[in-house]
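For reference, the structure is listed below as C-alpha cells.
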Amino acid sequence: MSDVNEGRAESATTPVDDQPPRAERHWKPVLTLLVLAPAVGELLSGSSPPLQFFNPVFFVLLVGLYGCGALLVRELVVRRGLNAAGLLLLGAAYGIIEEGLMCKSFFNPYWTDTGFLSIYGRAAGVNWVWAFGLTFYHMAISITAPVFITEAAFSGHATVPWLRRRGQVIAGSAFALVVLLGFAFFDNRPFHLIEMEHSLELARQVEAGSRPLDRFIAGGFSAKHGEIVRKAVATQADSVELKHALQEELNRLLPRPELYSPERFAGVPLPARLSEQMAKRPQGDQLVEFNRGLLEAAFPGVLPVRQVYPFRLGWPWTLGCLGGILALVGLALQQTRATSGARAVRAPWFTGIGFTAGFVMLGFIVPSIVEHGGRFPAWLLCGMWVGLGMLLGMVLRRLDGARDRTWRRGLWAIGAISPWVLFALLLGLAVGVMGAKSFLGMPWVALGFGSAMVVLARAWKRRSKLELGDAGAG
C-alpha cells in the first residue's frame, strides 16, 4: 500500500485531462481492477461457479466485460472530476449495456436467471423488476465496489488516471467486442419457468406413461420431483413447485445425447429440421436445441415451440437502451460538486451491509413472497428500487467531502460485498454436498475473499484514524 502523502503529491502534479505520467507504474491497480470486478460481479454471486469462471476463455471474456467496463468508468470519473453520484450513474449505464444490450435479459422472457421475474413485473416486452434490480446490482456491486476497493488498496494511485490513450483504446475495444459478441449470439436454450404454462397437463401425460418417452422421462425424475408430480396429478392441482420440478427435470434431459432413439420417439411426428439436425449429430448448444425440439414435438400444445435462436432484440428497445445509456452518461458528467465537510457516514461498513440487505429484500424476498401467493404491485417494487438507488447516492456523496474518503469508501465497499461472500460460502457448501462439480472450490474462494477483507478493513480503519489525526493536529 502506498503512502497517503505520495498519493497527494501525485494527484497535485497530474492534470486530470492529460495523460498520466509514468503510466507503467499503475499496472498493479489496473490488473487488480480487471480481475476484481468480474470476481465480485460473477464469482461471489454464483452466476459463474469456479470451474466456469476460471476457464481461460470464459475468464478472458469476463475480464473484457466487467474488468474493462469498470476500468473505463473509473477513468472517466477521475478525468472529469466526478463525485460518487457520477460513478453510480455510470455504473447504471454499464448495467444497461451488459443486461439490456449484451445479454438482452431485460427483454428475453426465456433468459435462465430471470426465473419468476419473467412473469412478475413483465409488461410491454420488458422484465421491469428484473431490469431495475440488475441495473442497481451492477451499478453498486459490479462497478462501484471494485473501484472503491482498488483505490483504497492502492491509495497512492487513487486520484490519478491509470491509462494512457493506448490503454483506453485497448480497454474500450475489448469491452465493445465482448458486448457485440453477446448481442449477436447470447441466448438461453433450456426451458424457462414462463414456458411451464401447462404444467399440470404435462405432468398428467408423463405420469400416465402411455409412451416409451413418457416412461423414460418419469424414470429419470428425482424422488422429490417424482412425488411432487404424483401429488399434483392425484389432486389435479397446479402449483409453483410443480412448475419448478418439471422445468428442472426437462432441462436435465437437454444435454443428454441418448434422449433420442427411434423406439422412444416412434409415432411422434418430427419436423424436417430435426431430421436434418439428427444427421449432423449435434453437440453442445446444438444438442440442447435439438433435444428441446424433440420434446416440443412430443408434447404439442403443452410445451411452447421456440422457432428462432438466438433471441433478437427489436429496434425500439435497442434504441431505448442506447437512449437510456446516453441519458445516464450525460447526467453523470454533471455530477462534479463534492459534498463539503467530514460529517460523513460514521460507519461506512454498516451502510454497505445495509445497502446489500435492502437489495436482498427487494431482489429476492419480495419476489419470492409474490411467487408463493403474496401480493405486491410490481410498479411499487420498481419505485422502491429507485428509492434504494437514490439513498445509496446520498450516502456515498456524504463520503466525498471527507478527508479520509478513500478509506471510508473502501470500507463501504467491503460492507457491501460481505453478504455476498457469506452467500458464496454457504452456496459452495450446500451445492458441494449435492455433488455439483462446477462449484468445486467455492468455499475456498469465499474464505479467501473474507480473509482479505478482514485484513484490508483493519488496515483502512487504522489509516483513516491516522488521516483524521493528522488533520486535527494541523
Side-chain angles (χ1 to χ4, degrees), residues 109-116 118-119 187-309 311 371-372 434-436 438:
Y110 313 114
W111 189 254
T112 303
D113 297 336
T114 57
F116 178 67
S118 281
I119 302 172
D187 195 8
N188 177 61
R189 286 167 172 78
F191 290 101
H192 189 279
L193 186 66
I194 200 173
E195 297 172 296
M196 298 294 107
E197 183 177 356
H198 304 291
S199 56
L200 185 56
E201 177 59 29
L202 178 61
R204 289 194 193 102
Q205 294 189 33
V206 172
E207 181 66 13
S210 59
R211 301 176 300 177
L213 176 62
D214 300 329
R215 294 190 290 274
F216 174 77
I217 294 174
F221 280 1
S222 67
K224 177 182 177 182
H225 291 163
E227 180 61 29
I228 291 174
V229 169
R230 286 189 292 272
K231 181 179 178 181
V233 173
T235 60
Q236 294 297 297
D238 201 350
S239 65
V240 174
E241 288 76 16
L242 177 63
K243 295 179 186 295
H244 280 292
L246 290 173
Q247 178 198 15
E248 185 172 334
E249 293 296 344
L250 290 180
N251 285 338
R252 285 173 57 190
L253 292 172
L254 295 182
R256 295 176 60 178
E258 71 273 15
L259 173 62
Y260 175 80
S261 72
E263 297 79 12
R264 198 170 290 144
F265 281 84
V268 177
L270 299 180
R273 63 180 178 84
L274 292 180
S275 300
E276 295 174 0
Q277 289 177 323
M278 189 188 313
K280 298 178 181 178
R281 297 187 178 182
Q283 297 180 351
D285 285 345
Q286 287 71 34
L287 175 61
V288 171
E289 182 180 334
F290 171 69
N291 283 344
R292 176 177 169 132
L294 291 175
L295 294 173
E296 291 169 355
F299 298 96
V302 177
L303 291 177
V305 177
R306 281 196 66 187
Q307 301 290 349
V308 179
Y309 298 90
F311 173 83
E371 184 177 7
H372 290 85
M434 294 187 290
S438 61

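Panel note: side chain Glu249, backbone Ser222; a donor-acceptor pair is recorded below 3.5 Å. Within the 3.5 Å criterion, the main-chain N or O of Arg256 finds a donor-acceptor partner in the side chain of Asn291. Checked by atom type and distance alone, the side chain of Gln236 pairs as donor or acceptor with a backbone atom of Val233 at under 3.5 Å. A donor-acceptor pair under 3.5 Å is formed between the side chain of Arg264 and the backbone N or O of Glu258.
Distance NE2/His192 to CG/Leu250: 14.0 Å, rounded to 0.5 Å. Distance check: Asn188 CG to Thr112 OG1 gives 2.5 Å after rounding to the nearest 0.5 Å. In this structure, Glu195 CD and Arg306 CZ are separated by 6.5 Å, a value rounded to the nearest 0.5 Å. Note that the CD1 atom of Ile119 and the CG atom of Leu193 stand 4.0 Å from one another [nearest 0.5 Å]. Atoms CE and CG, from Met278 and Leu294 in turn, are 6.5 Å apart once rounded to the nearest 0.5 Å. For the atom pair CZ of Phe221 and CD of Glu207, the computed distance is 8.5 Å after rounding to the nearest 0.5 Å.
Other residues, nucleotides and ligands place no more than 12 heavy atoms under 6.0 Å from the CD atom of Glu197.
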Could you walk me through whether Lys280 and Gln286 pass the side-chain contact (heavy atoms from CB on, under 4.5 Å) test, one step at a time? CA-CA 10 Å; Lys280 298 178 181 178; Gln286 287 71 34; over 6 Å; no
Test Phe299 against Val206 for side-chain contact (heavy atoms from CB on, under 4.5 Å), laying out the working first. CA-CA 10 Å; Phe299 298 96; Val206 172; 4.2 Å; yes
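What you find for Pro190 and Leu254 is that their closest heavy atoms are CA-CD1, 3.4 Å. In this structure, Leu295 and Phe191 approach most closely via the heavy-atom pair CD1-CE1, 3.9 Å. Scanning all heavy atoms of the two residues, the minimum distance from Gly293 to Arg273 falls at CA-NH2, 4.4 Å. Contact between Asp187 and Phe311 at its shortest, heavy atoms only, is OD2-N, 2.8 Å. Between Leu242 and Ala203, the shortest heavy-atom distance links the atoms CD1-CB, 4.1 Å. The two residues Ala298 and Phe265 come nearest to each other via the heavy atoms CB-CE2, 4.2 Å.
Checking each of Leu274, Leu270, Leu287 against Tyr260 for a side chain to side chain contact (heavy atoms under 4.5 Å, CB included) leaves exactly one that passes, namely Leu270.
A salt bridge links Arg292 with Glu296; the closest basic N to acidic carboxylate O contact falls under 4.0 Å. A salt bridge links Glu201 and Arg204; the closest N-O separation between the charged side-chain nitrogens and carboxylate oxygens is under 4.0 Å. A salt bridge does not link Glu241 with Lys231: none of the charged nitrogens is closer than 4.0 Å to a carboxylate oxygen.
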